[in-house]
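The structure appears right after this line, and notes come after that.
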Amino acid sequence: MNERAKEPRAKEPRGKEQRIALRRLFAGTALAVAGTAAMVAVTLPMEASGNGGPSQTRGEAAPHAAATPSPSTTDTGNASGNTSGNAGTGAADPLTDDEITRAQQAALAGDRTLRTTSEDVQGQDGTPQFLTADLTTELSVREGERHADVFFYDYRDDRFVKKTVDLGTGKVVRTDSATGVQPAPSGQESREALKVLLASPLGEGVRQDFQAATGRPLAVPAQLRVQGLVYERSGTAGPADCDGAHRCVRLFTRVVGGPWIDTRQFVIDLSARTAHRLP
């Protein structure tokens with residue numbers, strides 16, 4: 001695999017106090033920040049099956065993990081909009097698809113640096129990775145106004161960016177950014193992590209498990225459904241850069257219409273495009 005080429009840069013200090021402060025900076029959003037203090041338990045149903053039935057074959061037990069859930073799986077969008085209208089009303093209506101598009105465009109329009117020098121999860125220059133968008137709930141928003149928080153991840157320097165857009169004026173009213181903060185991965189990032197895993201030597205084990213579970217070879221990643229969870233190492237276990245410096249995820253995978261494939265022991269570093277097995 002080709003690792004993403006980057007100029008070396010000094011790591012910023014990430015003490016406990018700084019990490020808490022950074023998480024508070026982005027608190028109150030649709031994105032959950034990874035880390036022990038922000039983790040919630042996720043239990044996938046033991047009786048879950050791709051066919052929608054209650055049956056479960058031996059060895060098909062769904063994995064369990066303590067992790068922050070991703071805002072999307074591979075079958076859904078990355079944002080919180082769930083209506084097709086042009087605009088919502090007030091502070092209660094969720095963002096519409098049109099508002100999400102407009103907010104995303106406005107967030108990039110006034111930031112030439114982010115728009116031209118950033119990098120997405122696939123390594124495309126000049127394209128920051130869009131994560132999600134959500135309606136701002138800050139008390140400073142006046143009655144009748146609608147502001148949208150738009151979230152990006154810049155893989156060029158592993159930086160999380162939040163831009164707040166006034167949907168009425170189309171202007172960015174606030175910008176926050178930080179390194180060492182890892183929000184939940186988008187569906188696109190989860191799919192890319194699966195590709196990185198399958199392309200690595202560790203992917204052979206996944207292919208063998210798929211063959212054993214289905215009786216057929218794993219030809220393309222689309223044969224698996226995947227959900228990504230942010231991984232941040234605790235202590236000395238796990239890849240060194242997965243301490244918040246790099247974009248690291250774990251995957252929960254299952255055969256489309258079939259059983260789970262256990263990939264909990266793998267960590268994919270999307271910043272370096274490498275896959276690792278946990279000890």
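Numbering starts at 1 and runs along the sequence shown. Just so we're clear, the structure is a prediction, and the values are computed from it rather than from any experiment.
In this structure, the side chains of Gln227 and Leu251 stay at 4.5 Å or more apart for every pair of heavy atoms. Between Phe252 and Asp262 there is no side-chain heavy-atom pair separated by less than 4.5 Å. Counting only heavy atoms from C-beta outward, the side chains of His246 and Leu270 never approach each other to under 4.5 Å. Between Lys162 and Thr164, the closest side-chain pair of non-hydrogen atoms falls below 4.5 Å. The side-chain heavy atoms of Arg225 and Thr253, taken from C-beta on, include no pair separated by under 4.5 Å. Leu198 has its side chain within reach of Val206: a pair of non-hydrogen atoms, C-beta onward, lies under 4.5 Å apart. The shortest distance between side-chain heavy atoms of Phe210 and Arg216 falls below 4.5 Å. Residues Val172 and Thr175 are in side-chain contact: their nearest non-hydrogen atoms beyond the backbone lie under 4.5 Å apart.
Scanning all heavy atoms of the two residues, the minimum distance from Pro185 to Leu229 falls at CG-N, 4.0 Å. A pairwise comparison of heavy atoms in Pro183 and Val181 identifies CD-O, 3.5 Å as the closest pair. The shortest non-hydrogen separation linking Gln223 to Leu218 is OE1-C, 3.4 Å. For Thr179 against Asp157, the heavy-atom pair with the smallest separation is CG2-O, 4.0 Å. Between His276 and Asp269, the shortest heavy-atom contact is NE2-CB, 4.2 Å. Here the closest non-hydrogen pair linking Gly238 and Leu278 is CA-CD2, 4.1 Å.
Using modelled atom types, one side-chain atom of Thr96 and one backbone atom of Glu99 make a donor-acceptor pair closer than 3.5 Å. Not one N or O on the side chain of Ser186 forms a donor-acceptor pair closer than 3.5 Å with the backbone of Leu131. No side-chain donor-acceptor contact under 3.5 Å links Arg273 to the backbone of Gln122. A donor-acceptor pair under 3.5 Å is formed between the side chain of Ser200 and the backbone N or O of Leu197. Distance alone, capped at 3.5 Å, is enough to place a donor-acceptor pair between the Arg115 side chain and the Ala109 backbone. When atom types are taken as modelled, the side chain of Arg254 and the backbone of Gly258 share a donor-acceptor pair closer than 3.5 angstrom. With Ser177 contributing its side chain and Val161 its backbone, the two residues share no donor-acceptor pair below 3.5 Å.
The distance from the CD1 atom of Ile100 to the OG1 atom of Thr132 is 7.0 Å, given to the nearest 0.5 Å. Note that OG1 of Thr127 is 11.0 Å distant from CZ of Phe152, once rounded to the nearest 0.5 Å. Taken from CD in Glu204 to CD in Gln211, the straight-line distance is 10.0 Å, to the nearest 0.5 Å. Note that the CG atom of Asp241 and the SG atom of Cys248 stand 7.0 Å from one another [nearest 0.5 Å]. Here the straight-line distance linking atom CG of Leu108 with atom CZ of Phe130 works out to 9.5 Å at 0.5 Å rounding. For the atom pair OG1 (Thr274) and CD1 (Ile268), the distance works out to 9.0 Å, reported to the nearest 0.5 Å.
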Worksheet item: Where do Arg277 and Leu202 land on the side chain to side chain contact (heavy atoms under 4.5 Å, CB included) test, with the steps shown first?
Response: CA-CA 8 Å; Arg277 184 190 296 271; Leu202 296 175; 3.8 Å; yes
Discussion item. Please determine whether side chain to side chain contact (heavy atoms under 4.5 Å, CB included) holds for the pair Thr136 and Arg146, giving the CA-CA distance in whole Å, both sets of side-chain angles, and the decisive distance to 0.1 Å.
Written reply: CA-CA 7 Å; Thr136 303; Arg146 286 172 65 80; over 6 Å; no
Item to complete: Check the pair Phe266 / Arg250 against side chain to side chain contact (heavy atoms under 4.5 Å, CB included), numbers first and verdict last.
Response: CA-CA 6 Å; Phe266 303 124; Arg250 293 173 70 188; over 6 Å; no
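Each of Glu189, Glu192, Glu119 was checked for a salt bridge (Lys or Arg N to Asp or Glu O under 4.0 Å) with Arg247, and the lone residue meeting it is Glu189.
For the pair Arg174 and Asp149, the salt-bridge criterion is not met [side-chain N within less than 4.0 Å of a carboxylate O].
For Ala148, the side chain to side chain contact (heavy atoms under 4.5 Å, CB included) test picks out Leu95, Ala103, Leu167, with sequence neighbours left out. Residues forming a side-chain hydrogen bond (donor to acceptor under 3.5 Å, both in side chains) with Asp111 (at least two apart in sequence, or on another chain): Lys163. Legend: residues meeting salt bridge (Lys or Arg N to Asp or Glu O under 4.0 Å) with Asp166, ordered by chain and number and at least two apart, are absent.
With 3.5 Å as the limit, one finds a donor-acceptor pair spanning the side chains of Tyr153 and Asp158. Neither side chain, Tyr231 nor Gln182, offers a donor N or O lying under 3.5 Å from an acceptor on the other.
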